[in-house]
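Please read all numbers here as calculations on a predicted model, not as lab measurements.
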Amino acid sequence: MSKMSRQAGMLSSVELFRFGIKTCIGIALARILTKEDFGSYRQLFLIYTTFSTLLLLGIPQSVMYFVPKASDDTQRRKIISRTLNIVSLMGLMFALALFLLRHPISILMNNPDLSSLMVLFAIYPVFMFITQIYSTIMLSLQRPQSMARFTVFAVLSDLVLILSVAVLTKNLDYIVMGVLVSAFGQWIYARIKLSGYVYRDLRVDGSVSSNHCGTDRGSPYPALKEQLRYSLPLGLASIIGLLAIQLDKFVISGFFAPEQFAVFAIGAMELPFISILTNSVNSVILPHLSARQNIPEAIEIYRASVRKNALLIFPLAAIFALFATPFIRILYTSNYIDSVPFFRVYMFTVPLRVATFGIIFLAFNRTRIILANAVFTLVLNCILNLILVRYMGMMGPALSTVLATYLSMVYYVVITKSKLGIDPVALLPLAAIARTGGAVLVAGLLCVPLLYVYMNDMLKLALGSALFGILYLIFGVLLGAILPYDRQFIVSLWKRR
């Protein structure tokens with residue numbers, strides 16, 4: 001448990017660092033570029049993020065399964081070599097597709113300028129597919145330090161090259177070139193580091209023992225077939241889940257101009273460090289849930305994690321929702337003040353992150369339910385988006401996404417009862433959640449007058465956050481949301497510093 005916790009903490013720290021640098025790049029570009037150019041930049045990465053998931057087909061997840069199960073070093077090298085070959089081919093296919101389909105894509109995205117940008121950007125997947133798989137391979141080899149070092153190198157490379165070009169030229173074409181140069185440097189790094197893990201005998205490259213990934217008979221096809229049999233369902237679930245998340249942005253791109261998309265994209269964000277927190281917690285508690293034959297014991301572990309998540313996630317959501325205006329203005333200037341309503345709407349999804357129902361189905365090996373929920377959410381979100389965008393404009397997709405997210409949670413609650421025979425109420429410490437919500441509500445209401453006081457945005461955000469934090473701690477203790485155990489834990493962490 002201690003080793004797992006340390007690894008989860010390290011990975012969380014690296015992800016927070018990556019998120020921080022990427023956020024700084026986004027903030028700087030929003031200030032340097034026009035809204036139209038910044039919207040085009042965001043659209044390029046919307047296309048890449050969505051369709052790279054489609055083409056990778058869950059192959060990164062398969063590496064995490066097959067490499068640790070390999071019987072010896074030779075088997076591991078064969079699996080890694082085959083995976084690199086597949087991913088390289090997929091990157092080339094993606095690059096060709098982006099180049100050939102650049103005109104239809106620019107029409108669908110309602111942005112004619114995107115076509116010329118994609119001539120340059122088309123090469124990006126060739127480099128990035130290998131760098132994406134590098135981190136997964138390092139984790140599968142139980143080398144999280146190598147993954148962490150590469151992540152730091154990658155984000156610093158982006159920071160230096162993209163921002164220096166942006167500051168010097170303020171030209172989107174040159175900025176895309178800076179993105180490509182950074183990606184090429186990351187590709188070289190990954191290739192050099194991975195060269196020590198590949199299998200050199202090309203005649204049998206990819207074949208592994210029948211116990212782990214195919215048959216060792218000189219042909220890579222049985223091994224490839226087995227790896228794809230494992231990865232395709234996972235890839236399908238990832239694709240559907242990502243499409244459900246990104247659907248609102250595609251709808252906005254199709255109905256509105258790039259500068260309007262830029263405003264929406266700034267507001268249509270959750271708080272990524274919340275997902276980093278919950279993913280880290282889940283990575284630690286999942287094996288413990290899976291190992292429990294005693295269902296009540298597993299439920300107790302889950303309930304404890306939900307209560308602790310709520311103590312942090314609820315107040316963070318409230319602070320950012322309350323002080324959204326100074327927050328957006330500080331980061332992105334008054335040019336993006338119209339993003340505030342969208343940002344506040346998306347904050348309503350954050351409280352749901354305290355309880356990750358999907359982890360229950362993973363622990364009980366019911367992954368088809370996760371896939372079914374992803375399909376349900378995508379279809380529902382698509383219908384709601386297309387209806388509400390016509391009646392409510394840009395706010396329609398935002399409300400659709402939030403509503404679909406809540407209905408997805410309802411789906412999990414119903415299925416938990418019918419398929420697992422577990423009372424969903426038993427999974428949630430409702431009384432503790434209510435006490436935490438009460439403390440947040442009271443603290444928030446007492447901070448509302450501060451919103452109408454004229455002062456510097458930075459000062460208002462700092463004072464507001466501090467006042468909210470103090471009030472939350474006071475009422476959290478008074479209402480019994482923050483327990484003596486929680487206070488002792490915080491004190492122990494402070495003393496360790």
Rounded distance (nearest 0.5 Å) linking atom NZ of Lys249 with atom CD of Gln43: 12.5 Å
Heavy-atom closest pair, residues Ala166 and Ile32: O-CG2, 3.6 Å
Mind checking ring pair (Phe, Tyr, Trp, His ring centres under 6.0 Å) for Phe45 and listing every partner two or more places apart, or none if nothing turns up? Tyr41, Phe121, Tyr124
Do the rings of Phe376 and Tyr411 sit parallel, tilted or perpendicular, given the 30° and 60° boundaries? parallel
Work out which heavy atom in Arg42 is nearest to a heavy atom in Ala265; give both atom names and the distance. NH2-O, 3.5 Å
If we only count heavy atoms from C-beta on, is the Glu259 to Thr34 side-chain gap below 4.5 Å? no
Treating Arg31 as the side-chain partner and Ala28 as the backbone partner, does any N or O pair qualify as donor plus acceptor under 3.5 Å? no
Output yes when a side-chain donor or acceptor of Thr131 lies under 3.5 Å from a complementary backbone atom of Met128, and no otherwise. yes
Using modelled atom types only, decide if a donor and an acceptor are shared between the side chain of Thr405 and the backbone of Thr401 within a distance under 3.5 Å. yes
Only counting residues at least two apart or in another chain, list the ones meeting ring pair (Phe, Tyr, Trp, His ring centres under 6.0 Å) with Tyr346. none
Just how far is it from atom CD1 of Ile137 to atom CD1 of Ile130, taken to the nearest 0.5 Å? 7.5 Å
Tell me the closest heavy-atom pair linking Ser135 and Thr151, and the distance in Å. OG-OG1, 4.4 Å
Taking the side chain as every heavy atom from C-beta outward, state whether Phe255 and Asn110 have any atom pair closer than 4.5 Å. no
Using the side chain to side chain donor-acceptor pair (under 3.5 Å) criterion, which residues pair with Arg344? Sequence neighbours excluded. none
Donor-acceptor pair, side chain of Tyr406 and main chain of Phe348, under 3.5 angstrom: yes
For Lys193, look at atom NZ and say whether over 12 heavy atoms of other residues, nucleotides or ligands are found less than 6.0 Å away. no
Decide if the gap between the ring center of Phe256 and the ring center of Phe261 is smaller than 6.0 angstrom. no
Cation-pi geometry met for Arg149 and Phe153 (6.0 Å, 45°): no
Ser182 and Gln186: side-chain hydrogen bond (donor to acceptor under 3.5 Å, both in side chains), yes or no, with the steps? CA-CA 6 Å; Ser182 177; Gln186 295 169 45; 3.0 Å; yes
Nearest 0.5 Å, what's the CE-CE distance between Met138 and Met147? 11.0 Å
Of the non-hydrogen atoms in Asn385 and Asp248, which two are nearest, and what is the gap between them? OD1-CA, 3.5 Å
In terms of heavy-atom contacts, Leu33 and Lys170 come closest through CD2-O, 4.1 Å
Could you tell me whether the side chain of Ser88 and the main chain of Asn85 form a donor-acceptor pair under 3.5 Å? no
So, the side chain of Lys35 versus the backbone of Asn335: is there a donor-acceptor pair under 3.5 Å, distance only? yes
Non-hydrogen atoms of Ser40 and Leu172 that approach each other most closely: CB-CD2, 3.8 Å
With a 4.5 Å heavy-atom cut-off, do Ile337 and Arg329 have their side chains touching? yes
Give the C-alpha distance, both sets of side-chain angles, the deciding distance and a yes or no for side chain to side chain contact (heavy atoms under 4.5 Å, CB included) between Ile47 and Leu98. CA-CA 9 Å; Ile47 294 166; Leu98 283 178; 3.8 Å; yes
